There are 2 protein chains.
Amino acid sequence: MYSEPMMALSRQDHVPGEIGSGEGLASVFRRQAEERFEPGAALFWEGDVAAHLFQIIEGVLRVYKIIGDGRRVITGFLYPGDLVGLSQRRCYLYTAEAVTRVKLRRVTRNRFDEEVNGSPTLRPELFARLSDEMEAAQDQMVLLARKSAEERVASFLLAIARRASAHLDGQPLIDLPMTRLDMADYLGLTIETVSRIMTRLTSRGVIAASGRHAIVVRQPLKLEILAGEGDDGAHDPIAVAYSRQAVWPH
Amino acid sequence: MYSEPMMALSRQDHVPGEIGSGEGLASVFRRQAEERFEPGAALFWEGDVAAHLFQIIEGVLRVYKIIGDGRRVITGFLYPGDLVGLSQRRCYLYTAEAVTRVKLRRVTRNRFDEEVNGSPTLRPELFARLSDEMEAAQDQMVLLARKSAEERVASFLLAIARRASAHLDGQPLIDLPMTRLDMADYLGLTIETVSRIMTRLTSRGVIAASGRHAIVVRQPLKLEILAGEGDDGAHDPIAVAYSRQAVWPH
DNA sequence: CGCCTAATTGAACTTGTTCAAGAACTGTGG
DNA sequence: CCACAGTTCTTGAACAAGTTCAATTAGGCG
């Protein structure tokens with residue numbers, strides 16, 4: 001339901017710029033210098049010593065693992081406000097790479113641990129983020145284990161659209177900064193299948209393409225049905241919350 | 001690599017009965033009465049108000065979600081020592097059900113939160129468990145997104161075998177308490193595919209069946225290769241640690 | 001404006017699913 | 001202790017969804 005990855009720790013209700021109750025963790029990074037990464041540049045690689053934590057200010061990141069013969073699995077895309085690099089292990093368990101140009105701040109692991117562990121405000125916030133990511137991971141497992149290609153793509157577009165609408169850019173144009181290969185590696189499909197389904201959704205009028213990296217969702221309700229949220233979710237408090245709030249102007 | 005589910009929070013090095021550095025969380029449950037669940041009985045359902053947390057003493061649990069038309073995804077199997085029901089939400093996000101006869105203890109969420117949040121020993125332990133589960137979730141995503149049916153089944157058997165060997169029951173007989181349907185719903189396959197692959201592994205001599213709910217791993221190295229740990233993992237500290245330690249008497 | 005990469009589209013193929021029997025285990029009761 | 005019943009598991013054959021391989025097209029950026 002969410003596209004946030006594991007260990008990426010974003011609150012679903014996060015709105016960049018809002019320094020509200022849920023955004024205390026940003027204070028840990030506030031004094032750090034701003035860094036910049038160009039598209040394709042890696043923040044760190046799987047196996048690197050996990051010395052730092054990062055918070056994204058601007059741009060989008062992909063986080064992935066590679067197995068044996070080069071198969072890649074993107075475990076998540078990270079957006080402004082998200083934390084990157086949280087781990088109890090000595091080394092990072094995945095690679096983090098810029099999709100777009102990215103601005104971020106970093107702190108050392110020690111510094112982060114001290115500040116968060118010492119603060120009765122920050123601790124529960126971190127834990128809440130972890131829980132949200134756990135939930136996102138479970139949803140992704142459901143998607144990968146049991147959803148059809150069309151349901152996967154629909155779910156993905158829906159998650160991105162919801163995130164965008166939560167960020168109050170009232171415009172209906174949804175940005176898809178990642179490539180088709182990124183989408184495929186996130187959804188456990190091939191590039192060709194993703195492409196075919198995007199085409200099909202477009203020709204059915206569910207979405208409209210605006211170049212290759214932006215779409216308009218023309219039929220949100222239909223997209224929800226295609227995503228496999230048809231029957232179920234009646235007793236799922238999150239799904240209910242979502243369907244009650246007017247995500248788009250229907 | 002591990003079969004622990006999300007929010008199930010077991011430390012990989014956990015050994016039941018060992019009251020060592022990593023097992024302080026058991027103390028939270030120690031005074032509670034022991035409860036018993038028969039096979040098939042649910043501890044709680046997805047959507048129930050999340051009032052309690054549980055720690056398993058004995059037996060195996062499955063944790064799952066259902067989507068729309070009845071498709072089921074098992075997000076994990078839980079073993080003695082594991083915690084069940086950790087969530088920041090008002091309601092449980094999944095159903096937890098006994099596979100075998102299960103003994104466990106429960107505490108209220110409030111009680112758990114107080115005790116853990118008040119203890120500088122317990123807090124990092126809980127966080128470490130969360131991180132382990134996050135790692136397990138990522139591995140499961142890799143499995144579901146990019147591994148073949150044979151790799152999935154091999155990975156699963158390997159994880160179970162490693163868990164068993166870590167629990168120092170030196171016997172080579174590995175218990176598989178769950179049904180083929182459970183395995184299928186965990187691995188994103190059908191019952192028939194799981195069955196065919198188990199048969200194939202047996203006829204190739206990689207494993208030997210002992211009834212339907214126990215196997216002997218006859219060729220651990222071959223199983224590792226089939227699981228897709230062939231090339232990669234050279235710079236993966238965990239994989240390296242595993243392959244260095246003699247998990248079985250080769 | 002033109003090149004180069006990314007995306008689309010088509011056709012053949014593969015893997016795993018579905019549907020349909022049949023066999024084997026488990027647990028119960030005689 | 002054995003037989004029976006019910007379920008779970010196995011096996012086979014047809015099928016389908018998604019992949020693979022191979023061009024072709026289209027965007028985007030210089």
Side-chain angles (χ1 to χ4, degrees), chain A residues 38-40 62 69-74 99-101 143-157 173 175-204 207-215 226 228, chain B residues 38-40 62 69-74 99-101 143-157 173 175-204 207-215 226 228:
Chain A
E38 294 303 310
R62 68 183 151 245
D69 47 340
R71 285 173 285 183
R72 184 180 71 157
V73 178
I74 293 182
V99 172
T100 63
R101 174 167 296 165
L143 179 144
L144 293 169
R146 287 284 177 244
K147 288 193 176 179
S148 70
E150 189 172 78
E151 288 172 322
R152 293 183 199 194
V153 174
S155 299
F156 175 73
L157 296 178
L173 202 67
D175 198 35
L176 294 177
M178 65 292 293
T179 67
R180 294 287 188 268
L181 183 58
D182 287 336
M183 287 176 57
D185 285 347
Y186 180 60
L187 299 174
L189 300 169
T190 60
I191 233 183
E192 292 93 335
T193 300
V194 171
S195 179
R196 277 184 249 272
I197 287 168
M198 292 291 285
T199 305
R200 199 197 305 167
L201 292 177
T202 303
S203 70
R204 283 201 221 146
I207 60 173
S210 168
R212 291 209 275 224
H213 293 289
I215 60 161
L226 293 176
Chain B
E38 294 302 310
R62 70 185 151 244
D69 46 342
R71 285 173 285 184
R72 184 181 72 157
V73 178
I74 293 183
V99 172
T100 64
R101 174 167 296 165
L143 180 144
L144 293 170
R146 287 286 177 242
K147 288 193 176 179
S148 70
E150 189 172 77
E151 288 172 321
R152 293 183 200 195
V153 173
S155 298
F156 176 73
L157 296 178
L173 202 68
D175 198 35
L176 293 178
M178 65 291 294
T179 66
R180 293 287 186 270
L181 183 59
D182 287 335
M183 288 176 57
D185 285 348
Y186 181 60
L187 299 174
L189 300 169
T190 60
I191 235 183
E192 292 94 334
T193 300
V194 171
S195 179
R196 276 184 250 272
I197 287 169
M198 293 291 284
T199 305
R200 199 197 303 168
L201 291 177
T202 303
S203 69
R204 284 200 220 147
I207 61 173
S210 168
R212 290 206 278 221
H213 292 289
I215 60 160
L226 292 176

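Each chain gets a letter, A, B and so on, in the order the sequences are listed, and its residues count up from 1. All values derive from a computational prediction rather than experimental measurement.
If you measure from atom CG of B:Leu189 to atom C1' of D:dC9, you get 16 Å, rounded to the nearest angstrom. Atom pair B:Ile197:CD1 and D:dC9:P shows a separation of 15 Å (rounding to whole Å applied). If you measure from atom CZ of A:Arg180 to atom C1' of D:dG18, you get 18 Å, rounded to the nearest angstrom. Rounding to whole angstrom units, CG of residue A:Leu187 and P of D:dG18 are separated by 12 Å. Straight-line distance from the CD atom of B:Glu192 to the C1' atom of D:dC9: 10 Å, rounded to whole Å.
A salt bridge does not link B:Arg146 to A:Asp69: none of the charged side-chain nitrogens sits closer than 4.0 Å to a carboxylate oxygen. Using a 4.0 Å cut-off between a side-chain N of Lys or Arg and a carboxylate O of Asp or Glu, A:Arg71 and A:Asp185 do not qualify as a salt bridge. Under 4.0 Å is where a charged nitrogen must lie from a carboxylate oxygen, and between B:Glu150 and B:Arg200 at least one such pair does.
Of the residues in residues 143-152 of chain B, none lies under 4.0 Å from DNA chain D by heavy-atom distance.
Along DNA chain C, read 5' to 3', the first and last nucleotides having any atom under 4.0 Å from a heavy atom of chain A are C:dA6 to C:dA11.
When each of D:dC21, D:dC9, D:dA26 is scored by its nearest atom to the side-chain atoms of A:Arg212, the top-ranked nucleotide is D:dA26. Ranking D:dG12, D:dC9, D:dT20 by closeness to the B:Ser195 side chain, first place goes to D:dC9.
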Assess whether side-chain contact (heavy atoms from CB on, under 4.5 Å) is satisfied between A:Leu226 and A:Glu151, documenting all intermediate values.
CA-CA 6 Å; A:Leu226 293 176; A:Glu151 288 172 322; over 6 Å; no

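Side chain of A:Ser195 to main chain of A:Ile191: no donor-acceptor pair is present (N/O by atom type, distance under 3.5 Å, no hydrogens or angles). Between the side chain of B:Thr202 and the main chain of B:Met198, a donor-acceptor pair closer than 3.5 Å is present. No side-chain donor-acceptor contact under 3.5 Å links B:Arg101 to the backbone of B:Glu38.
In terms of polar N and O atoms assigned as donor or acceptor, the side chain of A:Arg196 comes within less than 3.5 Å of the base of D:dT20 in a complementary pairing.
By the 6.0 Å contact criterion, CZ on A:Arg204 is enclosed, its count of non-hydrogen atoms from other residues, nucleotides or ligands being greater than 12.
At a threshold of 4.0 angstrom between heavy atoms, the contacts of B:Thr179 are confined to the sugar-phosphate backbone, with no base atom among them. Note on B:Thr193: a base of the nucleic acid sits closer than 4.0 angstrom, heavy atoms only.
Across the interface with DNA chain D, nearest-nucleotide mapping of B:Ile191 and A:Thr190 shows B:Ile191 to be the residue nearer the 5′ end.
Atoms CZ and OG1, on B:Arg212 and B:Thr179 in that order, are 10.5 Å from each other to the nearest 0.5 Å.
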